[in-house]
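Data first, discussion second: the structure below is written as structure tokens.
Model, not experiment: these values are computed from the prediction. Numbering starts at 1 and runs along the sequence shown. Indexing begins at 1, ligand by ligand and atom by atom, following the structure's order. We use all heavy atoms of the structure for the numbers below, so side chains are in, but hydrogens, waters and symmetry mates are not.
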Amino acid sequence: MSAMNYREQIENIKKDGRYRRLRAISGAQGPELIVDGRKAICLCSNNYLGLAGHPALAEAQARAARELGVGAGASRLISGNMDIHARLEERIAHFKGIERVLLFSSGYQANVGVISALVGRGDFIYSDQFNHASIVDGARLSRAEIRVYPHRDTEALERMIAGDDSKGRKLIVTDSVFSMDGDLAPLDAIVKIKNRHGAMLMIDEAHATGVMGTGGKGLAVEMGCAGEIDVTMGTLGKALGGFGAFVGGSAQLVDYLINTARSFIFTTALPPSLAASALAAFDVIEAEPQRIKRLLQNVKILRKGMQKLGLNVPQGETPIIPLIIGDERKTMDICERLLDRGIFVQGIRPPTVPPDASRLRITVMSRHTKEHLERAIEAFKSLRSVIAE
Ligand SMILES: *Cc1c(COP(=O)(O)O)cnc(C)c1O
């Protein structure tokens, strides 16, 4: 037995072209950032509606911190369950049109806690190949049998479900908007499968909340199948601009999770000030529907602009635009060159995406101006031949 040799491990990561380092962002989040001391247009934030830097949210958070303090002091089940948590839960339930909602401190914790509470040994999980890492980890923690079905392949999903023992519980889980590809889960077909086979369906609306569906109510609402979803998860840290997450469904589901989801039970409650800024975020998206409209218009402009350059950007309506490069090093090289041109885009490499599928994950914000998008398209144009190599 010998201790870990960190340097050797890091050298191995570097050899694979998968070394990651932290970029220093100065100042507030917005469409332009200071990245490692250089000003750049940000095309890699999930702050889709620009709410992370919204003064009304900041004011709500500051006021709540003054009135209620900066921390909840304990978990919800001990002494940390404050009125404002319940108010936010009711607000989200109303917004999503579901019976009851439970807050979690982050989306990662929500997925890990909920999946491991819903299934266990002898049960089955059916998970899309491209689901978020937090779903993968929740599935592993549950000790259920994990069946990974090919991306969006509902025929394969149904074959798998039909072939499994009917005694165990069955849970289908999928991102609704996929985080690295920006494409959509075929929720309507999945709903039919879960009904035919008596399975439960959980969806992760991290990238759909505040973006898809009327008023940002999510993809299930857009597809007209929200009433068929057993468990809906969403986050407060992406389009809603803050931090935290929620899981919703029937009142009984939530009661069960309060009693069994370990990442809910054994963690400090969300700070009241964060609940306050989340409430303000819902006020803003309800009062200013033009933010979502602007976002979707910007998505169209950038997708079209890149397609016109002959870049291999898929059709789609979500603000997540993948540009697959393939090789890890080449991906990071293009990132650097874009940053030299004042455009900040992150390269995404394995294990976040499959081998040989390294990519630029480009995201659009409602606050990007026409000029921002034109400058981005100009930068991609100047690198067209490098990208195509
Ligand atoms: C970001 C993300 C999460 C995790 O949410 P956090 O609140 O950031 O922990 C979960 N699922 C998906 C699909 C995500 O993109």
Side-chain angles (χ1 to χ4, degrees), residues 22 25 29 44-49 51-52 57 85 88-89 92 96 101-118 125 127-142 148 151-152 171-185 187 190 201-213 216 218-220 229 231-248 261-264 267-271 274-275 277-278 281 316 318-322 346 348 351-354 359 361-365:
L22 295 168
I25 308 298
Q29 290 292 335
C44 53
S45 170
N46 303 317
N47 178 23
Y48 301 120
L49 300 175
L51 296 183
L57 273 69
H85 294 126
L88 177 56
E89 285 170 344
I92 298 171
K96 296 283 286 184
V101 152
L102 186 65
L103 291 173
F104 282 77
S105 296
S106 75
Y108 187 94
Q109 289 182 38
N111 280 338
V112 164
V114 170
I115 295 170
S116 58
L118 291 177
I125 295 176
S127 178
D128 187 287
Q129 175 190 7
F130 289 171
N131 276 345
H132 190 262
S134 54
I135 295 177
V136 174
D137 292 357
R140 287 177 180 156
L141 193 62
S142 77
V148 176
H151 185 46
R152 302 179 73 250
L171 173 67
I172 305 171
V173 55
T174 183
D175 287 16
S176 69
V177 171
F178 286 90
S179 56
M180 294 299 137
D181 290 81
D183 55 352
L184 309 178
L187 293 182
I190 295 175
L201 173 57
M202 171 171 176
I203 64 171
D204 176 336
E205 299 246 55
H207 293 278
T209 305
V211 176
M212 308 298 291
L219 186 65
I229 311 292
V231 186
T232 299
M233 173 274 193
T235 71
L236 306 172
K238 287 170 177 154
L240 295 172
F243 187 73
F246 61 88
V247 173
R262 293 170 64 84
S263 66
F264 171 82
T267 203
T268 302
L270 201 66
L274 284 176
S277 53
T318 75
I320 301 166
I321 309 178
Q346 272 294 5
I348 309 286
T352 310
V353 293
R359 70 199 58 191
R361 176 184 179 271
I362 300 154
T363 54
V364 185
M365 296 171 59

Exercise for the section: Using the side chain to side chain contact (heavy atoms under 4.5 Å, CB included) rule, take Phe104 and Met233 through it: C-alpha gap first, then chi angles, then the decisive distance, then the call. Expected result: CA-CA 10 Å; Phe104 282 77; Met233 173 274 193; over 6 Å; no
For ligand 1, which atoms sit closer than 4.0 Å to a heavy atom of [X]?
X      : value
Ser134 : 10 (C), 11 (N)
Asp175 : 13 (C)
Ser179 : 15 (O)

Protein contact to [atom] [nearest heavy atom, distance to 0.1 Å]:
atom                    : answer
atom 13 (C) of ligand 1 : Asp204 OD2, 3.3 Å
atom 6 (P) of ligand 1  : Gly107 N, 3.3 Å
atom 9 (O) of ligand 1  : Tyr108 N, 2.9 Å

Problem - Closest heavy-atom pair and its distance - Ser105, Thr268 - result: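 For Ser105 versus Thr268, the nearest heavy atoms are OG-O, 3.2 Å.
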Exercise for the section: Search all heavy atoms of Val173 against all heavy atoms of Asn131 and return the closest pair with its distance. Expected result: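 In this case the closest contact between Val173 and Asn131 is O-ND2, 2.8 Å.
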Ligand 1 versus [X]: contacting region, heavy-atom distance under 4.0 Å:
X      : answer
His207 : side chain
Asn111 : side chain
Ala206 : side chain

Does some side-chain heavy atom of [Y] sit less than 4.5 Å from a side-chain heavy atom of [X]?
X      : Y      : value
Leu103 : Leu236 : yes
Val247 : Thr232 : no
Ile135 : Phe130 : no

Exercise for the section: Might you work through the side chain to side chain contact (heavy atoms under 4.5 Å, CB included) test for Val112 and Leu141, ending with a clear yes or no? Expected result: CA-CA 7 Å; Val112 164; Leu141 193 62; 3.5 Å; yes
Practice task
Compute the minimum heavy-atom distance from Lys238 to ligand 1 and say whether it is under 4.0 Å.
Solution key: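 Yes.
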Practice task
Report yes or no: does Ala245 have a heavy atom closer than 4.0 Å to ligand 1?
Solution key: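 The answer is no, since Ala245 has no heavy atom less than 4.0 Å from ligand 1.
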Practice task
Determine, step by step, whether Asp181 and His151 satisfy the side-chain hydrogen bond (donor to acceptor under 3.5 Å, both in side chains) criterion, reporting the C-alpha distance in whole Å, the side-chain angles of both residues, the deciding distance to 0.1 Å, and the verdict.
Solution key: CA-CA 11 Å; Asp181 290 81; His151 185 46; 5.3 Å; no
Exercise for the section: For ligand 1, find out whether one of its N or O atoms is nearer than 3.5 Å to an N or O atom of Thr235. Expected result: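 N/O-N/O distance under 3.5 Å: no.
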